[in-house]
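In this chain, residues are counted from 1 in sequence order. For the numbers below, each heavy atom of this structure counts, side chains included, while hydrogens, waters and symmetry mates do not.
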Amino acid sequence: MRIAVTSQNFRTITGHAGKTRRFLILEANAEGATEVERLDLPAGMSLHDYHGDDHPLFALGLDALLTQGAGQGFVQRMSRQGVVVHTTSATDPFEAATMLAAGKLLPAARPHEH
C-alpha cells in the first residue's frame with residue numbers, strides 16, 4: 001500500500017492537508033512501513049493553492065493519504081484521484097501507516113477547523 005502522510009516537519013503527522021506542502025511517501029503492509037520518498041513542494045503548490053489535475057501528488061500512485069485534518073473539498077478532490085483520505089489523531093507516521101495497511105482502526109481525529 002502506497003501512502004502519503006502530511007508532515008510539515010518530516011517527523012510527525014500534521015494537519016491542514018489542503019495547505020500542506022510536505023509529505024512523507026511510505027510503502028506499508030501489515031508488518032511495517034518504509035519511507036520511499038519525500039515530497040517538499042514550493043510555495044503555491046499546496047492543493048489549496050494549486051487547482052490543476054497535474055499536481056505532483058497525483059503522479060505518485062497513492063492508495064491512501066494520512067493526515068490529522070482535512071476539509072471535505074480536499075477529501076473529494078483526492079477521491080477523484082483514487083486516493084482515500086484517512087484522518088487521525090495519531091502522530092507517528094510509520095505506526096499509523098502500518099495500522100492502516102493492516103486494516104486496524106486509527107485513533108479518531110479531532111474535528112476539522114478552518
Side-chain angles (χ1 to χ4, degrees):
M1 175 178 257
R2 193 169 183 102
I3 303 169
V5 180
T6 57
S7 184
Q8 285 299 101
N9 58 14
F10 291 124
R11 290 186 308 277
T12 60
I13 302 171
T14 56
H16 302 286
K19 295 185 179 184
T20 297
R21 293 186 294 121
R22 291 184 175 153
F23 299 85
L24 291 169
I25 310 304
L26 308 178
E27 289 285 345
N29 60 37
E31 283 127 38
T34 304
E35 181 180 331
V36 294
E37 188 174 346
R38 289 182 179 194
L39 192 59
D40 190 358
L41 300 169
M45 288 300 292
S46 71
L47 283 167
H48 182 267
D49 295 332
Y50 189 85
H51 300 288
D53 287 333
D54 59 342
H55 192 275
L57 197 58
F58 300 156
L60 296 175
L62 300 173
D63 300 299
L65 183 137
L66 279 170
T67 185
Q68 285 197 338
Q72 194 57 37
F74 180 88
V75 172
Q76 290 171 351
R77 188 170 179 195
M78 294 305 292
S79 177
R80 288 192 299 271
Q81 298 295 324
V83 180
V84 179
V85 175
H86 299 271
T87 57
T88 182
S89 61
T91 58
D92 184 308
F94 298 94
E95 182 179 314
T98 302
M99 289 176 66
L100 181 63
K104 295 180 181 176
L105 289 177
L106 295 168
R110 294 173 190 83
H112 177 70
E113 296 178 11
H114 287 274

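- Taken from CD in Gln8 to NE2 in His16, the straight-line distance is 10.0 Å, to the nearest 0.5 Å.
- Atom NE2 of His55 has more than 12 neighbouring heavy atoms from other residues, nucleotides or ligands inside a 6.0 Å radius.
- Ile13 and Ala96 get closest at one heavy-atom pair: CD1-CB, 3.7 Å.
- Put simply, the side chain of Thr67 never gets that close to the backbone of His86: no donor and acceptor are under 3.5 Å apart.
- Note: Ile3 CD1 to Glu27 CD = 8.5 Å, rounded to the nearest 0.5 Å.
- In terms of heavy-atom proximity, Thr20 sits nearest to Ser7 at CG2-N, 4.2 Å.
- Of the inter-residue distances, the one linking Leu66 atom CG with Thr87 atom OG1 reads 9.5 Å to the nearest 0.5 angstrom.
- When the side chains of ILVMFWY residues are joined at heavy-atom separations under 4.5 Å, either directly or via intervening members, Leu106 and Phe74 end up in two distinct hydrophobic clusters.
- Side chains of Val83 and Leu57 form no contact here, defined as non-hydrogen atoms less than 4.5 Å apart.
- Contact of the Phe23 side chain with the Val5 side chain is not registered, since no non-hydrogen atoms from C-beta on lie closer than 4.5 Å.
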Donor-acceptor list for residues 31-41 side chains, cut-off 3.5 Å, not counting sequence neighbours:
unit_1, atom_1, unit_2, atom_2, d
Glu35, OE2, Arg38, NE, 2.7
Asp40, OD1, Arg22, NE, 3.1

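- Under a 4.5 Å side-chain heavy-atom criterion applied to ILVMFWY residues, the cluster that includes Leu105 comprises that residue alone.
- Rounding to the nearest 0.5 angstrom, the gap separating the CZ atom in Phe58 from the CZ atom in Arg80 is 8.0 Å.
- Smallest separation of non-hydrogen atoms from Leu24 and Pro93: CD1-CG, 3.8 Å.
- The hydrophobic cluster containing Ile25 does not contain Leu100, counting ILVMFWY residues as joined when their side-chain heavy atoms lie under 4.5 angstrom apart, directly or transitively.
- Considering all non-hydrogen atoms of both residues, Ala30 and Ala101 come closest at N-CB, 4.1 Å.
- Note: Asp63 CG to Leu26 CG = 12.0 Å, rounded to the nearest 0.5 Å.
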(request) Before giving the answer on side-chain contact (heavy atoms from CB on, under 4.5 Å), spell out for Arg21 and Tyr50 the whole-Å C-alpha distance, their side-chain angles and the decisive distance to 0.1 Å. (result) CA-CA 11 Å; Arg21 293 186 294 121; Tyr50 189 85; over 6 Å; no

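- Arg77 contributes no side-chain N or O that, together with a main-chain N or O of Gly18, makes up a donor-acceptor pair within less than 3.5 Å.
- Annotation: the span from Met99 atom CE to Thr88 atom OG1 amounts to 7.0 Å, rounded to 0.5 Å.
- Applying the side-chain hydrogen bond (donor to acceptor under 3.5 Å, both in side chains) rule to Glu95 yields no partners; only residues at least two apart in sequence or on another chain are considered.
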(request) For Thr91 and Gln68, run side-chain contact (heavy atoms from CB on, under 4.5 Å): C-alpha distance rounded to whole Å, both residues' side-chain angles, the deciding distance at 0.1 Å, then the answer. (result) CA-CA 8 Å; Thr91 58; Gln68 285 197 338; 3.5 Å; yes

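- When the options Gln76, Gln72, Met78 are evaluated for a side-chain contact (heavy atoms from CB on, under 4.5 Å) with Val85, the one that passes is Met78.
- In terms of modelled atom types and a separation under 3.5 Å, the side chain of Thr98 and the main chain of Phe94 share a donor-acceptor contact.
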